[in-house]
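One structure is given below, encoded as structure tokens.
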Amino acid sequence: MTSLGWIAVNGFRESVRDKVLYNLVAFAILLMGASLVLGQLTAGQDLKIIKDLGLSAMSIFGLFIAVFIGIGLVFKEVERRSIYNLLSKPIRRHEVVVGKYAGLVLTLTVNIVIMTVALYAVLAYVAWGENEFARQARETPALDPALLKAIALLLVQLMVVTAIALFFSTFSTPILSAALTFGVYVAGYFSADLRNIDQVVDSRLTQTLARGLYYTLPNLAPFDVASQAVHGLPITAGYMAVTIAYAIVYIAILLVAGSAVFSRREFK
Amino acid sequence: MVAFPLVTVAFAIETVDLTKDYSVGFWRKRPRRALDRLSLQVERGEVFGFLGPNGAGKTTTLKLLLQLVFPTAGRAQLLGCPLGDPAAKRRLGYLPEQPYFYDYLSAEELMDYFGGLFGLGLSERRRRTNALLDEVGIGAERRLQLRKFSKGMLQRVGIAQALLNEPELVILDEPMSGLDPLGRRDVRGLILRLRDRGCTVFFSSHVLSDAETLCSKVAILAKGCLVASGRLSDMLALQVRGWELVVADTPDALVAALGTRATRVVRIGEGRFSLELPLGAPPERMVAELAAAGAKLVSLTPLHETLEDFFVQRVGEGT
Ligand SMILES: Nc1ncnc2c1ncn2[C@@H]1O[C@H](COP(=O)(O)OP(=O)(O)OP(=O)(O)O)[C@@H](O)[C@H]1O
Ligand SMILES: [Mg+2]
């Protein structure tokens, strides 16, 4: 295994031993309980509601994992000075950044997989108790594989968010990094609006500024295809490919920038 | 014709005018010199002590060598490689001051992780982990998470991990700190074994007696400046500062009569005295006089300057 692999595996081990995973299992159980209750309240719509609720919950919990682990891994290493030992080993600093990132992505993936299994388990349970009338009425299958497409894009979106969090954490404190990452996340959902700003305001300065922001901020809205998946609208392979390619480029730029910052840092 | 091979003396550590300014102050940053034009050469195979009072710049120097901070001016080489070269790090071990490790790992897992970073295979990692943890006296606790380790135990793990790659050069920042007397003895033994293996040991310390028993050379730093450096024997051995004479069966009156010829008189017991004689007066005459008056000679020892005397004097000059 390469140094990068070792750093990634150790980062994964750190977050697993941080007990985040166990909180998520708790979340999965919570989700089951909540959606079964909701299912009884809304006859006929229960599967759609469970899918909607499940995907939203996954998105929110995934965001929390991405941000709170993402901002911490590098910071803790520096704050507790374990970085002194790590950097005395034959590795380069960018390997620390990229390795930590890979570890985070691994953690995130495992968590998303667990949540996905939980969601499908609940869907299967409800579909099993469904009456014939309800089965005829709904237009998508209970265990719709289209959900997996939405979950895959969600995972990729969270990978972008993780890269943002890691990037900020290479030079700032966890609280500031968290604030900045959440800020970028929210702005990332509206960044498409920035392109149309010249139709709303006349100021050239504002327009230039908005254009600059449009190109620097990540565009996170395209990754969110939960409602298409729930309502049985098509999500094409081409759309998926373009979105994922965009994410890869964006992540690569962040990792290069983060490595550059980290390589110049002094550990006083 | 004999062709002489081109011998290049590659030092284990070489610094040239190494300088570090930290910037201090919250609003108005101003530089504060922590290390001032340090030029030092550590030959291979040496045990080199790096001494100096608190805040002298020892840790700063070691951090510069490890590229944890970057020099303001000057340059340095480790094992003939420029700083930051992974090739040098492959052959190097480092123990930071007050080491801290991932507290969610056990000692064994930590060693395994670092062994992996050196590219060691599984069986080799296992072997070295066990051998080194044994060597530093970490027993069954090695399965325990490091958060449950005491300060001295962490220090021991720190020493073990610095030796994982069988380094040619180890850089230790206060290796004795936090260790109990047995631990200190163990580490002294370890350093000597490393030296016998041909490993260069460069360590910072406050404990002068350790430096005195271990090092072939020392450097003394004060306020960021090098105040002395060289062979311990050159610094100390030649500087005999007097004699200690111990006599028995000696009447008190006889000793009293010596007056200022003895710089210090300590009565050890009935008729037993320890006399300190200045360097100027040859001790043979006094021994003969005392013996003629019935005193019995117990011992006569030259008093060398200790590293501590030297340290106090040089550091005092520097301030
Ligand atoms: N991060 C920092 N910012 C500003 N000044 C610093 C910093 N670290 C060290 N210094 C200053 O640099 C000088 C040297 O510190 P250093 O830690 O190298 O001393 P030392 O010789 O290792 O001392 P000790 O024996 O106490 O460990 C000190 O005056 C210290 O105040
Ligand atoms: Mg120090």
Side-chain angles (χ1 to χ4, degrees), chain A residues 1-22 69 72-100 102-104 106-107 170-171 173 259-268, chain B residues 20 22-24 34 59-60 62-72 78 84-106 109-110 112-122 125 145-147 154 157-158 161-162 164-165 167 170-171 173:
Chain A
M1 195 157 57
T2 60
S3 306
L4 214 144
W6 279 99
I7 295 170
V9 167
N10 195 55
F12 175 69
R13 192 154 50 173
E14 173 171 3
S15 39
V16 169
R17 294 191 183 173
D18 228 3
K19 302 189 175 68
V20 181
L21 212 58
Y22 313 107
I69 306 181
L73 277 190
V74 172
F75 182 81
K76 263 191 251 164
E77 189 103 35
V78 175
E79 190 65 9
R80 297 184 182 166
R81 292 178 287 120
S82 50
I83 193 80
Y84 292 4
N85 270 293
L86 186 59
L87 290 181
S88 74
K89 305 295 178 252
I91 53 173
R92 295 201 180 262
R93 292 210 186 166
H94 68 83
E95 291 178 304
V96 176
V97 174
V98 179
K100 292 265 176 197
L104 284 171
L106 197 61
T107 309
T170 55
F171 59 87
T173 61
S259 301
V261 173
F262 196 67
S263 300
R264 278 165 189 71
R265 250 187 98 166
E266 295 204 307
F267 302 105
K268 297 184 190 174
Chain B
K20 178 66 189 173
Y22 287 114
S23 60
V24 292
T59 300
T60 302
L62 302 193
K63 280 189 181 177
L64 283 166
L65 293 179
L66 269 296
Q67 291 255 291
L68 295 168
V69 296
F70 304 114
T72 308
L78 291 180
D85 189 342
K89 286 193 195 166
R90 224 163 255 296
R91 297 145 61 202
L92 177 97
Y94 170 59
L95 168 74
E97 190 174 36
Q98 297 164 8
Y100 175 87
F101 304 102
Y102 312 98
D103 54 14
Y104 53 90
L105 294 183
S106 70
E109 287 169 332
L110 180 84
D112 194 61
Y113 174 32
F114 285 164
L117 292 180
F118 280 114
L120 302 176
L122 178 66
R125 291 201 304 275
Q145 281 193 345
L146 289 167
R147 71 174 88 238
L154 278 179
V157 174
Q161 62 83 33
L164 258 172
N165 54 331
V170 287
I171 297 179
D173 202 348

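Order of the sequence lines sets the chain letters (A, B, ...), proteins ahead of strands, with each chain counted from 1.
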Item to check | Pairing of A/Arg17 and B/Glu109 as salt bridge, 4.0 angstrom limit | outcome: yes
Checklist entry - Quick one: do the A/Asn85 and B/Gln161 side chains pair a donor with an acceptor below 3.5 Å? => result yes
Item to check | Structural part of B/Asn165 lying under 4.5 Å from a heavy atom of chain A | outcome: neither
Next on the checklist: As an exercise: rank B/Tyr22, B/Tyr104, B/Tyr94 by heavy-atom pairs under 4.5 Å with chain A and give me the winner.
Outcome noted: B/Tyr104
Checklist entry - Can you say whether B/Leu95 sits under 4.5 Å from chain A via the side chain, the backbone, both, or neither, judging by heavy atoms? => result neither
Checklist entry - Among A/Ile7, A/Ile91, A/Thr2, which has the most heavy-atom pairs under 4.5 Å with chain B? => result A/Ile7
Next on the checklist: Out of A/Met1, A/Glu77, A/Arg264, return the one with the most heavy atom pairs under 4.5 angstrom to chain B.
Outcome noted: A/Glu77
Checklist entry - When rounded to the nearest 0.5 angstrom, what distance separates CD in B/Gln67 from OG in A/Ser263? => result 10.5 Å
Checklist entry - Going by heavy atoms in the side chains, are A/Phe262 and A/Phe171 under 4.5 Å from each other? => result no
Next on the checklist: Out of A/Arg265, A/Glu14, A/Arg13, A/Lys76, return the one with the most heavy atom pairs under 4.5 angstrom to chain B.
Outcome noted: A/Glu14
Item to check | Charged N-O contact under 4.0 Å between B/Glu97 and A/Arg81 | outcome: no
Next on the checklist: Below 4.5 Å, heavy-atom pairs only: which of B/Asp85, B/Leu105, B/Thr59 has the largest tally toward chain A?
Outcome noted: B/Leu105
Next on the checklist: For the residue pair B/Lys63 and A/Phe267, would you count it as a cation-pi contact if the rule is NZ or CZ under 6.0 angstrom from the ring centre and within 45 degrees of the ring axis?
Outcome noted: no
Item to check | chain A contact via B/Asp112 - which portion, at a heavy-atom distance below 4.5 Å | outcome: both
Next on the checklist: Under a 4.5 Å cutoff for heavy-atom pairs, which residue among B/Val69, B/Leu164, B/Thr60 has the most contacts with chain A?
Outcome noted: B/Val69
Item to check | Main-chain N/O of B/Gly115 paired to B/Arg125 side chain as donor or acceptor, under 3.5 Å | outcome: no
